[in-house]
K.L.:
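Structure in structure tokens, see below.
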There are 2 protein chains.
Amino acid sequence: MIRRKTIQCDLVLQTVNNLRCHATADEIYETIVKEHPRISKATVYRNLQRLCEMGEIRKREFPGGADRYDHICSDHYHARCVKCGRVFDVDMEYMKDIEQSIRDDHGFIFTGHDIIFKGICKDCSNKQQIYDADAHS
Amino acid sequence: MIRRKTIQCDLVLQTVNNLRCHATADEIYETIVKEHPRISKATVYRNLQRLCEMGEIRKREFPGGADRYDHICSDHYHARCVKCGRVFDVDMEYMKDIEQSIRDDHGFIFTGHDIIFKGICKDCSNKQQIYDADAHS
DNA sequence: TTACCTGCAAAGTCTTTGCACTCTT
DNA sequence: AAGAGTGCAAAGACTTTGCAGGTAA
């Protein structure tokens, strides 16, 4: 099974890189479709999957939301805003030895981990303050 | 909005508790429907939501899988088997001060975190060994 | 020419919602 | 009796898949 070079695959890769981190398949599709109205969402999904297999990009799955795609960058953690659902990088050291803190593995073979913080992003807490101010005026 | 006591709500709560941790809405529904064939999945979802709001149970969302429901127990982390998708508790101290390790919060207000380990569970690694042995014989 | 890739539509998984009916209170 | 809760079906969000036709090599 040889991989062919296609315009669509290039577009998906470029778009993931241009959008920097954390784009969802839908955001990627919406960005591409503006310039290339004939592309289909299925093609975007298929190419995202292919690019992951090729190690060009990384898929990141988040609880209660769509999957997001990164260009390959160093391991890091994420914070998800409970108001708007957007995902942000967390400026914190990656704990590559965290598995050693596990007391009893019960036979489970650990291969990796993710930490997902939750909270409220700057934009949403600003909006909240404006709303509160309005409500009390 | 007063909450009424219904058989269905009791059944959902009992089933979450009986199944111990990590049951999905579907598992809960399938368990109840054996005894009460008239219950609908929508009712299970609605009662799970209600019980969460009441603080009787806790919803836990996992990347790339259905939501799962816990009876309230102490904070702890989870490991998800990449083969079978089952979720296990991790025997490790809860890092309640982890947010203090974040260097720059960029205006984000952190309210909690989750750590999700991934790997292969005991059952699946046993099966894998059996499969490997067969393949080489 | 081969067979991988695409666009489209349909289906699949998990969850929510609209509606009329049924219960609890 | 009032209105919260139920069952059913439909819809909604996200993703995958089947298929016929297109295209890279």
Side-chain angles (χ1 to χ4, degrees), chain A residues 1-16 19 22-54 56-69 80 82 84-87, chain B residues 1-16 19 22-54 56-69 80 82 84-87:
Chain A
M1 155 94 151
I2 302 128
R3 284 187 207 283
R4 285 179 185 169
K5 195 171 157 59
T6 66
I7 305 159
Q8 291 89 341
C9 191
D10 280 355
L11 283 169
V12 171
L13 179 55
Q14 280 172 36
T15 307
V16 172
L19 292 176
H22 320 130
T24 62
D26 192 62
E27 287 162 0
I28 295 160
Y29 168 76
E30 290 299 336
T31 304
I32 298 176
V33 87
K34 283 178 196 154
E35 299 288 320
H36 300 80
R38 303 265 316 157
I39 199 168
S40 91
K41 203 173 268 189
T43 298
V44 171
Y45 274 105
R46 276 186 289 229
N47 280 312
L48 285 169
Q49 193 180 297
R50 232 161 266 159
L51 288 164
C52 285
E53 286 164 9
M54 293 161 66
E56 297 282 331
I57 62 175
R58 184 182 313 192
K59 180 180 187 171
R60 297 197 180 267
E61 300 176 307
F62 290 91
D67 298 340
R68 291 166 184 272
Y69 298 85
R80 186 144 178 282
V82 295
C84 65
R86 282 188 298 167
V87 170
Chain B
M1 159 94 152
I2 303 129
R3 285 186 206 284
R4 286 181 183 166
K5 195 169 158 60
T6 65
I7 306 158
Q8 291 89 340
C9 192
D10 281 354
L11 283 169
V12 170
L13 178 56
Q14 280 173 34
T15 308
V16 171
L19 291 176
H22 320 131
T24 61
D26 192 61
E27 287 162 359
I28 294 160
Y29 167 76
E30 290 299 337
T31 304
I32 297 175
V33 87
K34 283 178 197 156
E35 299 288 321
H36 300 80
R38 303 265 316 158
I39 199 169
S40 91
K41 204 174 266 189
T43 298
V44 171
Y45 274 105
R46 277 185 291 231
N47 280 312
L48 285 169
Q49 193 181 296
R50 231 162 268 160
L51 289 164
C52 284
E53 288 165 8
M54 293 161 66
E56 296 283 331
I57 61 173
R58 184 182 311 192
K59 179 180 186 171
R60 299 200 179 262
E61 300 176 305
F62 290 90
D67 298 340
R68 289 165 185 274
Y69 297 85
R80 187 145 176 281
V82 296
C84 65
R86 282 187 299 167
V87 169

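All of these numbers come straight from a predicted model, not from anything done at the bench. Residue numbers start from 1 in every chain, and the chains themselves are labelled A, B, ... in the order their sequence lines are given, proteins ahead of strands. Scope of the values below: all heavy atoms of this structure, side chains included, with no hydrogens, waters or symmetry mates.
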K.L.:
By nearest atom, which of the nucleotides C:dT16, C:dT25, D:dA25 is closest to the B:Q49 side chain?
P.N.:
C:dT16
K.L.:
Hey, can you pull the residues of residues 25-36 of chain B with a non-hydrogen atom under 4.0 angstrom from DNA chain D?
P.N.:
none
K.L.:
Report, as a single string ordered 5' to 3', how protein heavy atoms within less than 4.0 Å touch nucleotides 6-12 of chain C: B base, S sugar-phosphate only, - not at all.
P.N.:
BBBB---
K.L.:
Are any non-hydrogen side-chain atoms of B:R3 and B:M54 less than 4.5 angstrom apart?
P.N.:
yes
K.L.:
For A:R58, give me all partners under side-chain contact (heavy atoms from CB on, under 4.5 Å), at least two apart in sequence or on another chain.
P.N.:
A:R60, A:D70, A:I72, A:D75
K.L.:
Using residues 8-16 of chain B as the side-chain source, report each donor-acceptor pair under 3.5 Å to any protein atom, sequence neighbours left out, with the distance given to one decimal.
P.N.:
residue	atom	partner	partner atom	Å
B:D10	OD2	B:K5	NZ	3.3
B:T15	OG1	B:L11	O	2.6

K.L.:
Out of A:T31, A:V33, A:I28, which residue meets the side-chain contact (heavy atoms from CB on, under 4.5 Å) rule with A:V44?
P.N.:
A:I28
K.L.:
Roughly, in whole Å, what's the span from CG in A:D67 to P in C:dT13?
P.N.:
17 Å
K.L.:
Is it the case that C:dA3 (base atoms only) and A:R4 (side chain only) share a donor and an acceptor within less than 3.5 Å, ignoring hydrogens and angles?
P.N.:
yes
K.L.:
Quick one: is D:dT15 close enough that its OP1 or OP2 comes under 4.0 Å of any side-chain N or O from A:Y45?
P.N.:
yes
K.L.:
Using atom NZ of A:K41 as one end and atom C1' of D:dT15 as the other, report the distance to the nearest whole Å.
P.N.:
10 Å
K.L.:
Tell me, please, which residues at least two apart from B:Y45 pass ring-ring contact (aromatic ring centres under 6.0 Å, His included).
P.N.:
none
K.L.:
Measure CG/B:L48 against P/D:dG5 and give the value in whole Å, please.
P.N.:
14 Å
K.L.:
Checking B:E61 now: which residues fulfil side-chain contact (heavy atoms from CB on, under 4.5 Å) with it, not counting sequence neighbours?
P.N.:
A:P63, B:K59, B:D67
K.L.:
Can you tell me the distance, in whole Å, between the CG atom of A:D10 and the P atom of D:dT23?
P.N.:
16 Å
K.L.:
Tell me the interatomic distance from A:R3, atom CZ, to C:dT2, atom C1', rounded to whole angstroms.
P.N.:
18 Å
K.L.:
List for me each residue that meets side-chain contact (heavy atoms from CB on, under 4.5 Å) alongside A:A42, sequence neighbours excluded, and say none if there are none.
P.N.:
A:S40, A:R46
K.L.:
Can you list every pair that meets salt bridge (Lys or Arg N to Asp or Glu O under 4.0 Å) and has a residue in residues 24-35 of chain A, with sequence neighbours left out?
P.N.:
A:D26-A:K41
K.L.:
At what distance, to the nearest 0.5 angstrom, does OH of A:Y69 lie from CG of A:L19?
P.N.:
13.5 Å
